[in-house]
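Below: the structure, in structure tokens.
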Amino acid sequence: MGTQTTTDLPAAGGAADHAQRDLLRLATAGSVDDGKSTLIGRLLYDTKSVLADQLSAVERATRARGGDGTAVDLALLTDGLRAEREQGITIDVAYRYFSTARRAFVLADTPGHVQYTRNMVTGASTAELAIVLVDARKGVLEQTRRHAALTALLGVPHVVLAVNKMDLVGFDQATFTAIAREFADYAHVLGLPDVHAVPLSALDGDNVVLRSDRTPWYDGPTLLELLEQVPVGRDAAAEPLRLPVQYVIRPRTPDHPDYRGYAGKVASGLVRVGDELRVLPSGRTSRVVGIDTFDGPLTQAEAPRSVTVRLADDLDVSRGDVLVPAQEHVRTGQDLVGTVCWLTERRSVAGARVLVRTGTRTVRALLREVDARLDVDTLTVEQWDPVDTVRTIDATDTSSDAAPRSLGLNAIGRVRVRLAEPVVLDDYATHRRTGGFLLVDPADGSTLAAGMVGPTLLDRLAPVRADERDDDWLAGAGI
Amino acid sequence: MTTSTTTLPGAATAAPARLTQLDALESEAIHVMREVAGEFERPVLLFSGGKDSIVMLHLARKAFWPAPVPFPVMHVDTGHNFPEVIAYRDATVAEHGLRLVVASVQDAIDDGRVVETPGGSRNPLQTVPLLDAITQHRFDAVFGGGRRDEEKARAKERMFSLRDEFGQWDPRRQRPELWDLYNGRHKPGEHVRVFPLSNWTELDVWRYIEREGIPLPEIYYAHERDVFARDGMWLTAGDWGGPRPDEVVERRVVRYRTVGDMSCTGAVDSHAATVADVIAEVASSRLTERGATRADDRASEAAMEDRKREGYF
Ligand SMILES: Nc1nc2c(ncn2[C@@H]2O[C@H](COP(=O)(O)OP(=O)(O)OP(=O)(O)O)[C@@H](O)[C@H]2O)c(=O)[nH]1
Ligand SMILES: [Mg+2]
């Protein structure tokens, strides 16, 4: 194999100063069979993160699938379900963990198959970096574009383009450059910042962990070097405070007869004793008199720490409320406009009753309409005029022509939702930790769609209709 | 109106600005537990006396402090227990004033709800009493200590995992799970398994045990024990049916990496007598904990997936 051993990596977890290591969450993306699972397997294998019994299990499974016994199918390290192994594809996200001396990694290996896009967005929603794979023989495909668009929509801050299977194109520089250019153009339209391209072979290991001598024309970093260098933590603590209340702690014990604390995870920002906070959506204000943890009281706590906060005044605060800085004007409202990815086979129905989940709050709502749909292949947006009357669409008819104003499985579109009660409406573009929402079916509890509040990629590609300009949701979004 | 706020002991300190990896994992687990307490009516925490469930209980005490843990714990008792683990379980339940529910495999065998295979492990038999107890007590959320790094089917598991009225897991029908918006809605009769330790590795668990000073049953540390070899593991002689006449008992210095049913949980040769020793040992081990110690996972390639589908932990 054409790799030189240049670095002597420590075995996984062997680093002494583990306490100081930071954590990078990353996800794979790309079309079916581009080599995502093989690449994750290669990363684990070449960083010596695969233990002996896992490796021999994968060797057995490779032989059972008719392998010649010389090579192991590294994709089997993450394709662990029976159905995945039978079909040779990934169906659901697999999470894997490894670490180097510099960093700990949580890897989400996502499926490329279009049918399982919901599992891809699951893996990408919390990722700080996405590796978008392309098969060097095939170039950028529709599904590559779809995943890149989802990566942009979900606000994943860093993207690496892995041009894979370079062994099958003779490590041809021109092929690599052409794909990297085409993707860079597309990424630019998507507004994806900071895309690095690496030529590699997941199968043979070229430029994954070890530098390849088969790409003398490439002098950039290996994939692992990129993963170790990319800055992490788009500092959530630097954003304004959001503390969604999860649970009210009232011990009513002899030791704590009157204790009342609001438990939650600081989603963004910093909370300090003495801070004036506003409780939303009610709007009342009070002062923080204590930040409690099992290990003792704190004077301040930053995202993403879980804490319990006590307030000076006896307000009516319960699960679903959000604590924000008293002096900040935070938007609340009952009209939600946002971009969703539709995640179920049942098509969206205008006028449907749904539940909207945002933060720790769930409210009843009406899905008023879908007024735009994104074509990820052409990056064009189909827009429809507003409807006055609620239309009924046959939800069982899955042909897209039959229901022009609705979204089918994996479609991306803009929705207008009327909520039964006001909620905090943070724009996702500036508040990745609080601007997401779910649409839930009240009948069976299933998740219909995942959405992002406010203007997104879709609005950047197609500005909203002139008659909507006065909506304050566009304010400050810089579009 | 101003409440007379309780004064808590100790001077307040500023938490260090940057969360370490363990802080982040702890905060995530506490967040998940509070979500369950806020959304479900009848949660229960599976407590086997193994290290993962002990860490989970420790996190639950932190999540709701200064209030007591707002849900009971359940032990699925195979009847083949390590006495040290049962003693630990009972002492812990008493110390923290918890309510303990025991789901007994022996009772299920006596009632004819499950049939024991001669010489076989009781581990897979836990599913029926577990599901029966969930139905009987109408539990709607069940905390498990499963971690994604343990096994390849578990690597596919969500934090919130919906189970149908038969307790079954269908990997193809898992809900999307974005950001930290966990959707626990379910129909009557269904329940949700919740895995707060999903993103922890074995090493994270041990480092956390060290950091927090959490006591464990002694069998996790090196000790002398009468054992015999079976399926490449050291098993303890006991009422459950070992050793067979052809199996030779010898005294060795061993410890347990996992704690489960005695008939299928093996000890490993080890001189690791302290948490620090164990961390060093785990960091340099070339075998996973299940690979080293669990006979039940060796049965077939998809043994865990099949048990999970049927409603196992
Ligand atoms: N020659 C060559 N083959 C590769 C390379 N990487 C992956 N493959 C092969 O491509 C096929 C698909 O690989 P996977 O890793 O399963 O692809 P995937 O992207 O994970 O597929 P899905 O998860 O189903 O979308 C397998 O047969 C791999 O062995 C490579 O660098 N070179
Ligand atoms: Mg795959």
Side-chain angles (χ1 to χ4, degrees), chain A residues 13-14 19 21 23 51-54 61 78 80-82 91-92 94-97 104 106 118-119 121-122 125-126 246-247 249-251 256 258-260 263 265 273 289-290 292 294 296-302 304-306 310 312-314 319 343 357 360 436 438 440 444-447 450, chain B residues 1-6 8 10 12-15 17 19-24 27 30-31 34-35 37-38 61-68 148-149 152-153 155-156 171-172 174-181 183 185-187 198-199 201 203 207 283-288 291-292 301-302 305:
Chain A
R21 271 194 314 225
L23 184 73
L51 299 185
D53 54 316
Q54 293 173 318
T78 64
L81 297 175
R82 194 195 296 276
I91 292 172
D92 205 349
Y95 293 91
R96 284 294 199 153
Y97 307 84
V106 178
R118 59 171 168 253
N119 299 332
V121 298
T122 290
S125 68
T126 51
Q246 294 184 269
Y247 191 78
I249 295 185
R250 298 217 59 187
H256 303 280
D258 303 319
Y259 185 97
R260 187 187 184 93
K265 186 174 75 176
V273 173
V289 292
D292 298 333
F294 181 89
L298 302 175
T299 54
Q300 63 174 61
E302 289 186 0
R305 201 175 284 276
S306 288
R310 280 177 293 123
D313 305 285
D314 194 3
R319 174 172 172 83
L343 299 172
R357 168 75 193 265
T360 52
L438 303 178
V440 173
D444 65 2
S446 61
T447 303
Chain B
M1 187 195 106
T2 305
T3 48
S4 60
T5 45
T6 325
L8 296 158
T13 52
L19 275 69
T20 64
Q21 186 204 355
L22 281 184
D23 293 333
S27 179
I30 288 176
H31 176 256
R34 289 168 166 177
E35 282 301 283
R61 290 177 53 224
K62 286 191 141 187
F64 303 102
W65 185 90
R148 288 165 175 162
D149 88 319
K152 59 189 183 307
K156 300 270 167 180
R172 279 175 188 271
Q174 296 207 77
R175 281 182 180 161
E177 192 167 87
L178 284 90
W179 305 292
D180 54 12
L181 300 180
N183 176 4
R185 298 223 152 221
H186 57 279
K187 291 186 281 195
S198 287
N199 288 324
T201 64
L203 212 44
R207 284 177 176 149
S284 60
S285 171
R286 298 310 295 158
L287 291 179
T288 65
E301 266 310 308
E305 180 180 342

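Every heavy atom of this structure was used, including side-chain atoms; hydrogens, water molecules and symmetry mates were not. Each chain gets a letter, A, B and so on, in the order its sequence line appears, and its residues count up from 1.
Using a 4.5 Å heavy-atom threshold, the side chains of B/Arg185 and A/Val440 count as touching. At a threshold of 4.5 Å between non-hydrogen side-chain atoms, the residues B/Asp180 and A/Lys265 count as touching. Under the 4.5 Å side-chain criterion, counting only non-hydrogen atoms from C-beta, B/Pro66 is in contact with A/Tyr259.
Chosen from A/Leu343, A/Ile91, A/Ile249, the residue pairing most often with chain B at heavy-atom distances under 4.5 Å is A/Ile249. Options A/Asp444, A/Val106, A/Thr78, A/Thr126 differ in how many heavy-atom pairs under 4.5 Å they form with chain B, and the most are formed by A/Asp444. By number of non-hydrogen pairs under 4.5 angstrom with chain A, the leading residue of B/Glu35, B/Lys187, B/His186 is B/Glu35.
A/Ala52 touches chain B through backbone and side chain together, each having a heavy atom under 4.5 Å away. Looking at A/Tyr97, the atoms closer than 4.5 Å to chain B (heavy atoms on both sides) all sit in the side chain, from C-beta outward. Looking at B/Thr201, the atoms closer than 4.5 Å to chain A (heavy atoms on both sides) all sit in the side chain, from C-beta outward. A/Arg319 touches chain B through its side chain: at least one heavy atom from C-beta onward sits under 4.5 Å away, while N, CA, C and O do not.
B/Asp23 places no side-chain N or O within 3.5 Å of a backbone atom of A/Arg305 that could act as its donor or acceptor partner. Judged by distance alone, the side chain of A/Thr122 and the main-chain N or O of B/Glu177 form a donor-acceptor pair under 3.5 Å. One N or O on the side chain of B/Ser27 and one on the backbone of A/Pro304 form a donor-acceptor pair closer than 3.5 Å. Side-chain N or O atoms of B/Lys156 include one that pairs as donor or acceptor with a backbone N or O of A/Asp92 at under 3.5 Å. Between the side chain of A/Gln246 and the backbone N or O of B/His31 there is at least one donor-acceptor pair closer than 3.5 Å.
Note: A/Arg118 CZ to B/Leu178 CG = 12.0 Å, rounded to the nearest 0.5 Å. Atom CH2 in B/Trp65 sits 5.5 Å away from atom NE2 in A/His256 (nearest 0.5 Å).
Heavy atoms only, all atoms of each residue included: B/Leu181 and A/Leu438 are closest at O-CD1, 3.7 Å.
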